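Start at 1 and go down the list; that is how both ligands and their atoms are numbered. Note that the coordinates shown come from a computational prediction; the quantities given were computed from them, not determined experimentally.
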Amino acid sequence: MIAILKKNADESAVSHLVSWIEKKGLEAHVSQGTDELIIGLVGDTTKIDPFLLESMDIVERVQRVSEPFKKANRKFHPTDTVVDCGFGVKIGGGNFQVIAGPCSVEGENLIRIARRVKAAGATMLRGGAYKPRTSPYAYQGMGAEGLDLLCEARAELDMPIVTEIMDPRDVQLFLDKKIDVMQIGARNAQNFPLLKEVGKTQTPVLLKRGMSGTIDELLMAAEYIMSEGNDNVILCERGIRTFETRTRNTFDLNAVPVLHYLSHLPVVADPSHATGYTRYVEPMALAATAAGADGLEIEVHDDPSHAWSDGAQALTPDMFDDVMRRIQIIREAITPEAGA
Ligand code: PEP
Ligand code: MN
């Protein structure tokens, strides 16, 4: 349920209303819409009489929110959320960022790749230290040592690092290493204990859509994180599994505008996992940019044929240079202020 307040609502009346809602055992989220103040009510709204609420002096109208996601809902928070990833890198609300780097952290090649992606204009460095692999016999990632390599690259390049967390028991380690953005991968999109655990931190979370997850399921996963107090959620469309076999996944670019319509959270698109083949990454990166994504996540490797994972979809640093130039052209075409 949301209460849209009258334009002249004064501060003390608003805080009075907030404590009235809280006394009923609900949470009240105040947010500024374009020209009106909105209070989002989260919890057992059957305890609130909507007619009584609407009869209050400062309340303009009361609207039921039928969707099960509340905190992630744009109705609760009409303006775009901007997530601060550290090092001055903000995403959402017109701030566009590119996350790039290898699929896995493999060793000293990380810093070489990192230098190249930064020089090309990427603003965040990615690399998996904990890898979710279909086979238990496949490479599982470098673990804590991989996190250290990411931290070294961050220190040299002054850019936030994005890396996947798979186990709730690793949250403290990620906090100790001051990981800037924790990625929750497609396979963990409904790992509710993990979602809750990262929700107890304030670290930004890059939340990927599950392989057969609906848009609503992605938003409910975001709601799990936010319900624990972490509002710094970045949604990520990375392709879904369909009957198509010519690509690794089917890139659901519809999800970009749909998520923007339903939610205030930033939306990133990942053309690497969505297509699975180097040759398709560039066109789909451009398409995702044109569709209005707030950012892209792209895998880059300096020797794809020897990559320890996902070599078939990696761009070389030279290819990445080209893609970045074209992304900039698309950004300028769709948002003239991006060229300023
Ligand atoms: C990854 O980013 O390397 C990854 C495993 O992604 P996803 O969870 O989207 O498959
Ligand atoms: Mn990968």
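Of all N, O or S atoms in D310, the one lying closest to the Mn ion (ligand 2) is OD2. Closest to the Mn ion (ligand 2) among the N, O or S atoms of E299 is OE2.
Annotation: atom 2 (O) of ligand 1 to nearest protein heavy atom, R126 NH1, 2.7 Å. At the shortest separation from atom 8 (O) of ligand 1 among protein heavy atoms lies A186 N, 2.7 Å. Among protein heavy atoms, atom 5 (C) of ligand 1 sits closest to E164 OE1, 3.8 Å.
Below 4.0 Å from some heavy atom of E299 lie the following atoms of ligand 1, by number and element: 1 (C), 3 (O). Ligand 1 places these atoms under 4.0 Å from at least one heavy atom of G185: 8 (O). Within the listing of ligand 1, atoms 7 (P), 9 (O), 10 (O) sit less than 4.0 angstrom from a heavy atom of R238. Shown in contact with C103 at under 4.0 Å from a heavy atom are these atoms of ligand 1, numbered in order with element: 3 (O).
Judged by distance alone, the side chains of D10 and S12 do bring a donor and an acceptor atom under 3.5 Å apart.
Under a 4.0 angstrom heavy-atom cut-off, M211 registers as lying outside contact with ligand 1. Note on ligand 1: K131 sits in its first shell, one or more heavy atoms being nearer than 4.0 Å.
Other residues, nucleotides and ligands contribute only 12 or fewer heavy atoms inside 6.0 Å of the NZ atom of K178.
An N or O contact shorter than 3.5 Å links K208 to ligand 1 by distance.
Here the side chain of D80 pairs no donor or acceptor atom with the backbone of G94 at under 3.5 angstrom.
Taken from CG in N109 to CG in D303, the straight-line distance is 8.5 Å, to the nearest 0.5 Å. In this structure, CD in E299 is found 9.5 Å from OG1 in T278, a value given to the nearest 0.5 Å.
Salt-bridge formation is not detected for the pair E237/K208: no Lys NZ or Arg NE/NH1/NH2 atom is positioned less than 4.0 Å from an Asp or Glu carboxylate oxygen. In summary, E282 and R326 engage in a salt bridge, as defined by a charged side-chain N under 4.0 Å from a carboxylate O. The pair R248-D310 meets the salt-bridge criterion, since a charged nitrogen lies less than 4.0 angstrom from a carboxylate oxygen.
For atom 4 (C) of ligand 1, the choice among R248, H273, E297 with the nearest heavy atom turns out to be H273.
Classified by interplanar angle (parallel below 30°, tilted 30° to 60°, perpendicular above 60°), the ring pair Y130/F174 is tilted.
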